Amino acid sequence: MGTDGRRSGFRPGKGNTEGVTAGKGKTDGVAVTPPTAAASASCQYRCIECNQEAKELYRDYSHGVLKITICKSCQKPVDKYIEYDPVIILINAILCRAQAYRHILFNTKINMHGKLCVFCLLCEAYLRWWQLQDSSRSVDPDDFIRYAKEWDFYRMFAIASLEQTAYFTGIFTFLWVERPRTAKKALNFALLLKALLLSSYGKLLLIPAVIWEHDYTPLCLRLIKVFVLTSNFQAIRVTLNVNRKLSFLAILSGLLVESATVYFFQRMARALGSDCAIYKSQDF
């Protein structure tokens with residue numbers, strides 16, 4: 001089917017019918033693809049419906065006529081989202097649709113997960129810092145007090161980073177122990193980390209929840225937490241192609257390791273006699 005120019009900027013991954021048919025025509029200037037390169041190319045894309053590997057997303061028949069590739073396994077388009085507007089894709093991702101997650105993780109080149117991680121940590125650190133300042137307000141305009149509050153924000157950022165690291169460590173450890181029992185392929189930790197970081201985009205909602213503070217702010221923060229965990233759950237399912245039970249247990253393991261880390265630092269802070277306010281229970 002032709003796209004009629006509805007969406008431009010397809011990701012390179014097309015098949016071109018212009019060239020030499022096997023066994024016919026001239027071979028001058030035709031590059032032969034090595035077997036290893038052809039094997040790696042076959043694993044480049046995934047069908048968003050059945051998760052089967054695909055060699056291409058669409059085929060260019062010249063003169064702007066494009067045809068979306070049909071999956072040989074499920075007989076559906078390999079990736080219908082290549083024609084969709086990014087806003088539609090984002091809405092489907094917010095709804096935690098597995099097809100949208102597969103499109104984003106396997107069939108696009110999105111390398112903003114590192115920057116998104118830092119920004120999400122800044123949002124969480126700001127929330128913790130805001131809760132800490134709200135519980136200990138001071139009207140003293142002294143510069144020393146302002147600098148102390150600034151360093152509190154840096155401490156909140158370090159604590160948020162540590163807790164997220166513990167959360168991811170719990171997930172990876174559980175999957176590393178459990179996954180070999182249920183699958184032959186080794187875990188792709190790099191792709192899984194990318195999926196978890198991208199699916200944590202819900203933390204960006206923390207800033208609006210704090211800015212427009214109202215009586216239901218604590219409830220909003222808890223709902224944001226549930227949304228982030230649900231997105232992480234779906235990201236694990238899509239990335240590893242596992243069942244819901246294994247994904248749920250992985251998320252639970254991450255939460256247990258994160259809670260254990262917080263408890264350990266609370267005990268250590270009490271033993272050292274330092275202020276434990278920074279380790280108090282957070283709404284998020």
Side-chain angles (χ1 to χ4, degrees), residues 1-18 40-117 119-120 123 188 190-205 207-208 223-224 226-244 247:
M1 60 184 237
T3 60
D4 297 329
R6 284 187 297 165
R7 173 80 184 273
S8 59
F10 288 93
R11 180 189 175 189
K14 61 185 180 181
N16 195 335
T17 58
E18 296 179 356
S40 61
S42 64
C43 303
Q44 190 173 6
Y45 306 103
R46 296 284 183 90
C47 173
I48 64 172
E49 301 292 343
C50 63
N51 201 43
Q52 291 297 317
E53 297 174 352
K55 295 181 180 180
E56 57 191 12
L57 300 180
Y58 63 95
R59 180 157 293 190
D60 187 355
Y61 287 92
S62 74
H63 304 294
V65 179
L66 305 176
K67 182 178 180 180
I68 295 180
T69 304
I70 301 299
C71 178
K72 297 179 180 179
S73 177
C74 63
Q75 300 302 315
K76 295 181 179 180
V78 171
D79 192 346
K80 63 183 180 181
Y81 286 113
I82 60 176
E83 289 190 308
Y84 284 28
D85 190 87
V87 176
I88 304 298
I89 300 174
L90 178 60
I91 293 175
N92 281 265
I94 293 175
L95 295 175
C96 292
R97 294 186 181 274
Q99 293 89 342
Y101 274 69
R102 291 192 184 103
H103 167 77
I104 294 172
L105 294 174
F106 297 119
N107 299 338
T108 60
K109 292 181 178 179
I110 297 181
N111 297 316
M112 56 177 293
H113 50 283
K115 297 178 181 178
L116 180 63
C117 173
F119 195 72
C120 288
C123 293
N188 188 342
L191 181 61
L192 180 58
L193 178 61
K194 176 182 177 180
L196 289 172
L197 292 176
L198 288 176
S199 61
S200 298
Y201 66 93
K203 293 182 180 180
L204 300 178
L205 298 174
I207 297 300
L223 290 176
I224 293 173
V226 172
F227 175 73
V228 172
L229 293 177
T230 304
S231 299
N232 293 159
F233 167 85
Q234 189 72 313
I236 295 174
R237 279 193 62 209
V238 168
T239 305
L240 304 181
N241 196 28
V242 296
N243 54 42
R244 291 181 175 87
S247 299

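Heads up: numbering here begins at 1 and tracks the sequence. Computed from a predicted structure; not experimentally measured.
- Distance check: His113 NE2 to Ile104 CD1 gives 14.0 Å after rounding to the nearest 0.5 Å.
- Partners of Thr69 according to the side-chain contact (heavy atoms from CB on, under 4.5 Å) rule, which considers only residues two or more places apart in sequence or in another chain, are Glu56, Val78.
- Between the side chain of Lys72 and the backbone N or O of Gln52 there is no donor-acceptor pair closer than 3.5 Å.
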Do Leu198 and Leu105 pass the side chain to side chain contact (heavy atoms under 4.5 Å, CB included) test, and can you show the C-alpha distance, the side-chain angles, and the key distance before you say yes or no?
-> CA-CA 9 Å; Leu198 288 176; Leu105 294 174; 4.1 Å; yes
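- Aromatic ring pairs are classed by plane angle as parallel below 30°, tilted from 30° to 60° and perpendicular above 60°; the pair Phe227 and Tyr201 is perpendicular.
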Using the side chain to side chain contact (heavy atoms under 4.5 Å, CB included) rule, take Ser73 and Cys47 through it: C-alpha gap first, then chi angles, then the decisive distance, then the call.
-> CA-CA 9 Å; Ser73 177; Cys47 173; over 6 Å; no
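- Under the side-chain contact (heavy atoms from CB on, under 4.5 Å) criterion, Leu223 pairs with Leu219, not counting sequence neighbours.
- Remark: Ile70 CD1 to Ile68 CD1 distance equals 7.5 Å, nearest 0.5 Å.
- Partners of Ile88 under the side-chain contact (heavy atoms from CB on, under 4.5 Å) rule, at least two apart in sequence or in another chain, are Tyr84, Asp85, Asn92.
- Leu204 approaches Cys120 most closely through the heavy-atom pair CD2-SG, 4.0 Å.
- Counting heavy atoms from C-beta on, the side chains of Ile224 and Lys203 never come closer than 4.5 Å.
- In this view, Thr239 satisfies the side-chain hydrogen bond (donor to acceptor under 3.5 Å, both in side chains) rule with no residue, not counting sequence neighbours.
- Here the closest non-hydrogen pair linking Ser200 and Asn232 is OG-ND2, 3.5 Å.
- Atom CG of Leu240 sits about 7.0 Å away from atom OG of Ser247, to the nearest 0.5 Å.
- Residues meeting the side-chain contact (heavy atoms from CB on, under 4.5 Å) test with Lys76, sequence neighbours left out: Glu49, Cys74.
- Note that CZ of Arg97 and OH of Tyr81 are 6.5 Å apart. Values are rounded to the nearest 0.5 Å.
- Between the side chains of Gln234 and Arg237, at least one donor N or O sits under 3.5 Å from an acceptor N or O.
- Between the side chain of Asn107 and the backbone N or O of Arg46 there is at least one donor-acceptor pair closer than 3.5 Å.
- Considering only heavy atoms from C-beta on, Asp79 stays 4.5 Å or farther from Tyr45 through its side chain.
- For Phe233, there are no ring pair (Phe, Tyr, Trp, His ring centres under 6.0 Å) partners two or more places apart in sequence or in a different chain.
- Note: Ile48 CD1 to Arg102 CZ = 8.5 Å, rounded to the nearest 0.5 Å.
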Go through the steps for Cys96 and Ser231 under the test side chain to side chain contact (heavy atoms under 4.5 Å, CB included), then give the verdict.
-> CA-CA 6 Å; Cys96 292; Ser231 299; 4.0 Å; yes
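- One distance of note links OG of Ser199 with CD1 of Ile236; it measures 8.0 Å at 0.5 Å rounding.
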